[in-house]
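Below is one structure, written out as structure tokens; the observations come after it.
By convention here, the first residue in the shown sequence is residue 1. Counting convention: from 1, in listed order, for ligands and their atoms alike.
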Amino acid sequence: MSSRNEYLFEQSQHVIPGGVNSPVRAFKSVGGTPLFFKRGQGAYVWDADDKRYIDYVGSWGPMIVGHCHPAVVTAVQEAASQGLGFGAPTANELEMAELLCKILPSIEMVRLVSSGTEATMTAIRLARGFTGRSRIIKFEGCYHGHSDGLLVKAGSGALTFGQPSSSGVPAEIAALTTVLDYNDVSGLERTFAAIGNEIAAVIVEPVAGNMNLIIPKREFLNTLRALCTKHGAVLILDEVMSGFRISLQGAQGHYGIKPDLVTLGKVMGGGLPAAAFGGRRDIMQCLAPLGAVYQAGTLSGNPVAVAAGLATLELVQQPDFYKHLSALARQLTEGLEQAAKQHGVDFSAQSIGGMFGLYFRATPPTSYAEVMTCDKEAFNRFFHAMLAEGIYMAPSAFEAGFVSSAHTDADIAQTITIANKIFAAW
Ligand SMILES: *Cc1c(COP(=O)(O)O)cnc(C)c1O
């Protein structure tokens, strides 16, 4: 009752809708009082009551080298001391652009923005400007930020018109988005056969991380690439989460699939607001001031955010960074699976790179419909039991988890020991 978390949440609800600045933070899915954090260091975060947690959220992905890595903090401090922003070009933006082009061969030109939402929203406008077409395709359960045309769910009329998944999104706008099932190759083929030549773009999370973790079938990604090429639609890989997270070259490197446009965010900002979209030169040249597709941003390429991003990207390029990160994630998911199995709990887990999924069902799901069959009540019970023991997992059964290079073998072992204790008393 006298908890400072509870006091802060209570006060926040008077002045911030729901007491939070982004809905999932409210713990509505799992119940209880959200944590207010005051500090992070390495793999740990401390809440407003000074309780320490091992952090498997990592600010929803950006903190891939852990909180307050000294190289990142120093870069930010140095950049800040030179000026917080100019609204004019800086040399570091060039360095970031060149680095992104170097790491990701699909990017011939790139523009920096401040959030993943901006990146995806603009990539779609750009695809429409480039193709002169209006319709887009997305997949159920994929999240691409909160712009109108992407807050859409499948309509009842099977093939074609999407419906708003948020109040405030006009039905006319949602109708331009067709929503298909993730990993469903035949649905993709049917849709392209019917309306392929009207489609400006397909946007997809090449590894889905916003409906828990869903691994793509290679055939799904390959079909997507082939159909977009055949019908002249722009393939947008939304790697805001998977970029620099599942490998240095993200999902496109891991699966060997080349997008026409790619969107980036999260890790590339190192915890500060930096994001980007880039890709084929002929498409990117349609952007203002070169071309007729308008996009702008007062804070785009902000020097402090770019400094944090550059410092983070330098660290992830160190030899064996992803080998180490992947091993940590695998250690965690294998340990948790084993603990659950030992105590007969219906549970599965998997990881790819530094990203993992936990599922209260016998096998990892491959689609949104399968994710929805996970036992949500079991997850919520597990979440709160772990939280009480100082393990901070994403506060929803439908979010992916993240490890950082700052997690130690001992952190992972401790997490598994605690889970084992919880499953034993299940
Ligand atoms: C987080 C995320 C976004 C939105 O990025 P914001 O910076 O929150 O606007 C878009 N796409 C994917 C795949 C994401 O994970």
Which atom pairs, donor and acceptor, lie under 3.5 Å between side-chain atoms of residues 32-41 and protein residues at least two apart or in another chain?
residue : atom : partner : partner atom : Å
K38     : NZ   : D50     : OD1          : 2.8

Next item on the list: Scan for salt bridge (Lys or Arg N to Asp or Glu O under 4.0 Å) pairs involving residues 289-316, sequence neighbours excluded, and state none if there are none.
Entry: none
Notebook entry, point to check: Could you walk me through whether F383 and F27 pass the ring pair (Phe, Tyr, Trp, His ring centres under 6.0 Å) check?
Noted result: CA-CA 11 Å; F383 168 83; F27 274 32; 5.4 Å; yes
Item checked: More than 12 heavy atoms from other groups under 6.0 Å of OH on Y294 -> no
Notebook entry, point to check: Who are the residue neighbours of ligand 1 when the rule is a heavy atom under 4.0 Å from any of its atoms?
Noted result: S115, G116, T117, Y143, H144, G145, E205, N210, D238, V240, M241, K266
Next item on the list: Mind checking side chain to side chain contact (heavy atoms under 4.5 Å, CB included) for A311 and listing every partner two or more places apart, or none if nothing turns up?
Entry: V72, A75
Notebook entry, point to check: Should the pair F356 and Y56 be assigned to parallel (<30°), tilted (30 to 60°) or perpendicular (>60°) ring geometry?
Noted result: perpendicular
